[in-house]
Trainee: 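Provided herewith is a single structure, encoded as structure tokens, for subsequent inquiry.
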Amino acid sequence: MNFVDDKTIVRQYFNSTGFDRWQRIYGEGQVNKVQLDIRTGHQKTVDTVIEWLQADGNLPGLCVCDAGCGVGSLSIPLADAGAIVCASDISEKMVAEAYDRATAVPGKLYNISFAAQDLEALTGKFHTVICLDVLIHYPQDKAAKMIAHLSSIAESRLILSFAPKTLALTALKKIGELFPGPSKTTRAYQHREADIIKILENNGFVINRTAMTSTSFYYSRLVEAVRK
Ligand code: SAM
């Protein structure tokens with residue numbers, strides 16, 4: 001199977017069963033224990049990014065691209081804090097849900113826009129590009145091209161999160177259980193931190209901050225890379 005098929009599968013998944021599952025996980029309603037653990041872990045990753053950006057003291061007016069925004073878990077609080085956010089996702093249903101959630105925020109958010117788009121087709125220039133928990137859908141040999149593209153639209157900073165390869169494979173299997181199909185685990189890709197850092201360096205970045213979120217079923221390494 002080539003990657004075009006992989007991407008199509010991801011898009012179809014997040015427009016169907018994946019949408020139902022993940023919009024619940026990234027919501028507030030009742031979920032099972034594993035999903036609750038993932039919700040908690042993911043929220044920690046989102047909170048860390050918000051803390052980093054708030055600590056810099058320039059969030060209001062900051063131009064941010066949230067590539068693979070899902071249901072807007074990061075985009076919406078960033079816009080609420082005054083950032084100018086371009087949120088996009090390959091899944092039309094995820095973007096539509098993000099739009100609905102943004103609309104439900106008290107006091108209208110005029111500083112957030114939404115697009116259903118493959119992140120590798122994004123154009124424009126942004127101070128900060130953020131891509132959380134999307135690399136899990138990219139095989140290792142496709143990560144460099146994807147990160148290079150995000151780098152090309154990031155003027156000052158690129159923030160990525162990924163499932164690190166060094167952690168127990170059982171964790172990956174647990175993540176894999178969330179995906180459909182007979183070879184569920186093959187669709188969740190881990191990445192070696194050294195590989196990701198090398199790719200970022202090759203694109204003109206240095207690592208500024210890192211963080212790690214680990215719960216029972218959620219593992220995510222967060223890396224902030226800034227222009228040299
Ligand atoms: N970044 C969001 C967050 O942390 O809340 C969503 C994470 S979710 C695990 C992965 C998302 O990546 C899905 O919404 C999926 O549709 C999106 N995605 C996967 N491949 C993509 C691509 N090539 N371009 C844009 N979005 C993509």
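Whatever order the structure lists them in is the order used to number ligands and atoms, beginning at 1.
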Trainee: Should the heavy atoms of other residues, nucleotides or ligands under 6.0 Å from CZ of Arg11 be counted, would the total exceed 12?
Mentor: no
Trainee: Give every residue pair that meets the side chain to side chain donor-acceptor pair (under 3.5 Å) criterion with at least one member in residues 71-80, sequence neighbours excluded.
Mentor: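 Found Asp66-Ser75.
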Trainee: Can you pull out every salt bridge (charged side-chain N to carboxylate O under 4.0 Å, His left out) where at least one residue sits in residues 146-157? Sequence neighbours excluded, please.
Mentor: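 Output for this query lists Asp56-Arg157, Arg157-Glu224.
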Trainee: Verify the ring-centre separation between His137 and Phe162: is it less than 6.0 angstrom?
Mentor: no
Trainee: For Tyr26, give me all partners under ring-ring contact (aromatic ring centres under 6.0 Å, His included), at least two apart in sequence or on another chain.
Mentor: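 Applying ring-ring contact (aromatic ring centres under 6.0 Å, His included) to Tyr26 gives Trp22, His42.
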Trainee: State plainly whether one hydrophobic cluster holds both Ile130 and Leu109, where clusters connect Ile, Leu, Val, Met, Phe, Trp and Tyr through side-chain heavy atoms under 4.5 angstrom apart.
Mentor: yes
Trainee: Mind checking what residues have non-hydrogen atoms under 4.0 angstrom from ligand 1?
Mentor: Lys7, Val10, Phe14, Tyr26, His42, Gly68, Cys69, Gly70, Ser73, Asp89, Ile90, Ser91, Met94, Gln117, Asp118, Leu119, Leu132, Asp133, Val134, His137, Tyr138
